[in-house]
Amino acid sequence: MSPETKSGYIALIIGILGYLGTIYLNSQNEMVTYLLTAVFTPFLIFGIAMFLNPKSRREKIGQIPFRGW
């Protein structure tokens, strides 16, 4: 598993847990809800985007793709 995929999984888990926590807390304070949503939305976007990324042609981690390796 590449580091990008691993970080995508971790970000997706953090985002989902954050949103579930926001729903679970169900705060009456709109500011808290807004702040929690603003914090955890980038994690969800990054986690989903990592799965939409096309695979590179790297055979080994750390090599630059498309450079004659």
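No experiment lies behind these values; they were computed from the predicted model shown. Note that these values count all heavy atoms, side chains included, but never hydrogens, waters or copies made by symmetry.
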Are a donor atom and an acceptor atom from the side chains of T41 and Y19 found within less than 3.5 Å of each other? yes

How far does OG1 of T5 sit from CD1 of I10, to the nearest 0.5 angstrom? 11.0 Å

Do you reckon I45 sits in the same ILVMFWY cluster as F40, going by side-chain contacts under 4.5 Å, direct or chained? no

About how many Å separate CG of L44 and CD1 of I13, when rounded to the nearest 0.5 Å? 11.5 Å

Check the hydrophobic clustering (I, L, V, M, F, W, Y; side-chain heavy atoms under 4.5 Å; chains of links allowed) and say if L35 and F43 are grouped together. no

Do F46 and I14 land in one hydrophobic cluster if side-chain heavy atoms of ILVMFWY residues count as linked below 4.5 Å? no

So if you build clusters from Ile, Leu, Val, Met, Phe, Trp, Tyr with side-chain heavy-atom gaps below 4.5 Å, do V39 and Y34 land together? no

Taking all atoms of both residues into account, what is the closest heavy-atom pair of F51 and Y9, and its distance? CZ-CE2, 3.3 Å

Closest non-hydrogen atoms of T33 and T37, given as atom of the first, atom of the second and distance, are O-OG1, 2.8 Å

Say whether L36 and I16 are linked into one hydrophobic cluster, either directly or through other cluster members, by side-chain heavy-atom distances under 4.5 angstrom. yes

